[in-house]
2 protein chains.
Amino acid sequence: MSERRLQEALETLKESGVRITPQRHAVLEYLIKSMSHPTADEIYKALEGKFPNMSVATVYNNLRVFRDIGLVRELTYGDSSSRFDCNTEKHYHIICEKCGKIVDFHYPSLDEVESLAEQVTGFDVTHHRMEVYGICNDCKKKEQH
Amino acid sequence: MSERRLQEALETLKESGVRITPQRHAVLEYLIKSMSHPTADEIYKALEGKFPNMSVATVYNNLRVFRDIGLVRELTYGDSSSRFDCNTEKHYHIICEKCGKIVDFHYPSLDEVESLAEQVTGFDVTHHRMEVYGICNDCKKKEQH
DNA sequence: ATATAGATTATAAACATTATCAAATAATAA
DNA sequence: TTATTATTTGATAATGTTTATAATCTATAT
Ligand SMILES: [Mn+2]
Ligand SMILES: [Mn+2]
Ligand SMILES: [Zn+2]
Ligand SMILES: [Zn+2]
């Protein structure tokens with residue numbers, strides 16, 4: 001399952017003329033297998049066992065490459081550091097305000113908002129972003145003590 | 001009009017037990033009169049004529065105070081620095097991807113998304129954020145050269 | 001196997017924001 | 001008013017994330 005996605009991602013790299021280095025392979029593999037929304041530093045720390053000499057700049061560089069060819073999406077929240085999502089299907093996120101957990105959820109695209117915004121403001125709309133915030137189940141349970 | 005809003009804001013400060021210093025007054029006045037979404041540094045630069053000795057930390061401190069008592073909203077985008085909005089009415093933003101212009105627009109709250117997300121994920125939803133991105137009229141005209 | 005464009009590493013730099021703390025100021029009590 | 005206390009300011013240092021630089025290394029094509 002995630003093996004298949006990794007193969008597809010490597011194929012996309014080749015098609016884009018991006019070299020497949022061991023570091024790139026590892027970052028990509030981590031992104032796909034972790035199924036989460038890690039920060040650059042989380043990826044860096046997760047891989048320092050396998051790659052003790054890898055530079056943090058390499059992680060940043062490769063994440064930028066992946067983003068630019070559409071393999072990952074960069075998520076920027078209020079907190080300090082970006083998060084990276086290799087789920088390229090259209091989806092939204094709900095974020096726990098206590099523990100920071102990010103969960104995917106699906107909802108039809110908000111086309112109506114886009115077209116109204118276009119009419120009212122005269123912009124040419126390209127896209128939108130939307131997130132829902134709240135308290136996750138785990139954190140609710142912890143509060144009950 | 002903005003005079004009235006400034007008076008109300010000062011009233012809110014008093015009620016919250018926050019001292020009204022000349023610097024606070026100036027930051028608040030700038031936020032309300034500018035009718036825009038400035039960064040901390042823009043506010044700092046705009047006021048350095050009147051307050052040549054004001055520290056940039058004072059701007060940050062006061063913006064945090066204002067935010068914590070609900071007088072302004074902090075907007076965090078992918079780019080480096082936060083922007084501050086003293087329009088406390090419910091509204092959304094549309095942002096130009098070329099020049100960074102931020103324009104308010106109104107739309108009914110996306111309650112349906114919130115309740116679906118609640119059902120699907122088990123979160124207790126508190127709020128959501130949504131922005132539309134595109135190219136503004138001015139930038140469209142400039143492109144036609 | 002060799003050449004070379006591109007990638008990696010270590011390091012420094014950039015940048016926004018926060019922390020620190022002495023000095024200044026404002027609120028409050030006497 | 002004056003003394004006391006709490007808050008705020010301003011200068012500066014520190015923090016944390018991300019990017020730039022430059023020397024070295026390597027994946028890939030020929
Ligand atoms: Mn996701
Ligand atoms: Mn606004
Ligand atoms: Zn949680
Ligand atoms: Zn524009």
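Side-chain atoms are counted along with the backbone in the values below, which use heavy atoms only and exclude waters and symmetry mates. In what follows, every chain begins at residue 1, and chains take the letters A, B, ... in the order their sequences are listed. Because the structure is a prediction, the values reported are computed rather than measured.
- Think of the region where chain A sits on DNA chain D: with heavy atoms and a 4.0 Å cut, that region ends 5' and 3' at D/dT17 to D/dT28.
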- Message: Let's go through B/K45 and B/D41 carefully: what are the C-alpha distance in whole Å and the side-chain angles of both, what is the deciding distance for salt bridge (Lys or Arg N to Asp or Glu O under 4.0 Å) to 0.1 Å, and is it a yes or a no?
- Response: CA-CA 6 Å; B/K45 285 193 165 58; B/D41 199 59; 2.7 Å; yes
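- OP1 and OP2 of C/dT17 both lie 4.0 Å or more from every side-chain N or O belonging to B/N61.
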- Message: For a side chain to side chain contact (heavy atoms under 4.5 Å, CB included) check, start with the C-alpha distance between A/D138 and A/K101, then their side-chain angles and the critical distance, and finish with the verdict.
- Response: CA-CA 10 Å; A/D138 293 346; A/K101 192 194 301 167; 3.2 Å; yes
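- The side-chain heavy atoms of A/V59 and A/F51, taken from C-beta on, include no pair separated by under 4.5 Å.
- Among the atoms of the strands shown, base atoms are found under 4.0 Å from some heavy atom of A/T58.
- The closest donor-acceptor contact from the side chain of A/S2 to the backbone of A/I32 lies at 3.5 Å or more, if one exists at all.
- B/Y60 has no side-chain polar atom (N or O) that falls below the 4.0 Å cut-off from OP1 or OP2 of C/dT18.
- Using bins of under 30°, 30° to 60° and over 60° for the plane-to-plane angle, the ring pair A/H91/A/H106 lands in the tilted bin.
- Contacts between residues 64-72 of chain A and DNA chain C, defined by a heavy-atom separation under 4.0 Å, are absent.
- Residues forming a salt bridge (charged side-chain N to carboxylate O under 4.0 Å, His left out) with B/E112 (at least two apart in sequence, or on another chain): none.
- With B/K140 contributing its side chain and A/G122 its backbone, the two residues share a donor-acceptor pair below 3.5 Å.
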- Quick one: do A/V132 and B/F123 satisfy side chain to side chain contact (heavy atoms under 4.5 Å, CB included)? Show the steps, please. CA-CA 10 Å; A/V132 180; B/F123 277 52; over 6 Å; no
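- Heavy-atom distances under 4.0 Å link DNA chain C to A/N53, A/M54, A/S55 of residues 26-56 of chain A, given in residue order.
- Ring orientation note: the planes of B/H93 and B/H37 are nearly perpendicular, at an angle over 60° on the 30°/60° scale.
- A heavy-atom distance below 4.5 Å is found between the side chains of A/M130 and B/V113.
- Residue pairs meeting the salt bridge (Lys or Arg N to Asp or Glu O under 4.0 Å) criterion with at least one partner in residues 66-78 of chain A, sequence neighbours excluded, are A/R67-A/E74.
- Checking side-chain atoms of B/R24 against main-chain N and O of B/V65 turns up no donor-acceptor pair under 3.5 Å.
- Contacts with DNA chain C (heavy atom under 4.0 Å) in residues 14-24 of chain A: A/R19, A/T21, A/Q23, A/R24, listed by number.
- Listed for the B/S55 side chain is a donor-acceptor partner under 3.5 Å among the backbone atoms of B/A57.
- Between the NE2 atom of B/H25 and the C1' atom of C/dA26 there is a distance of 16 Å, given to the nearest Å.
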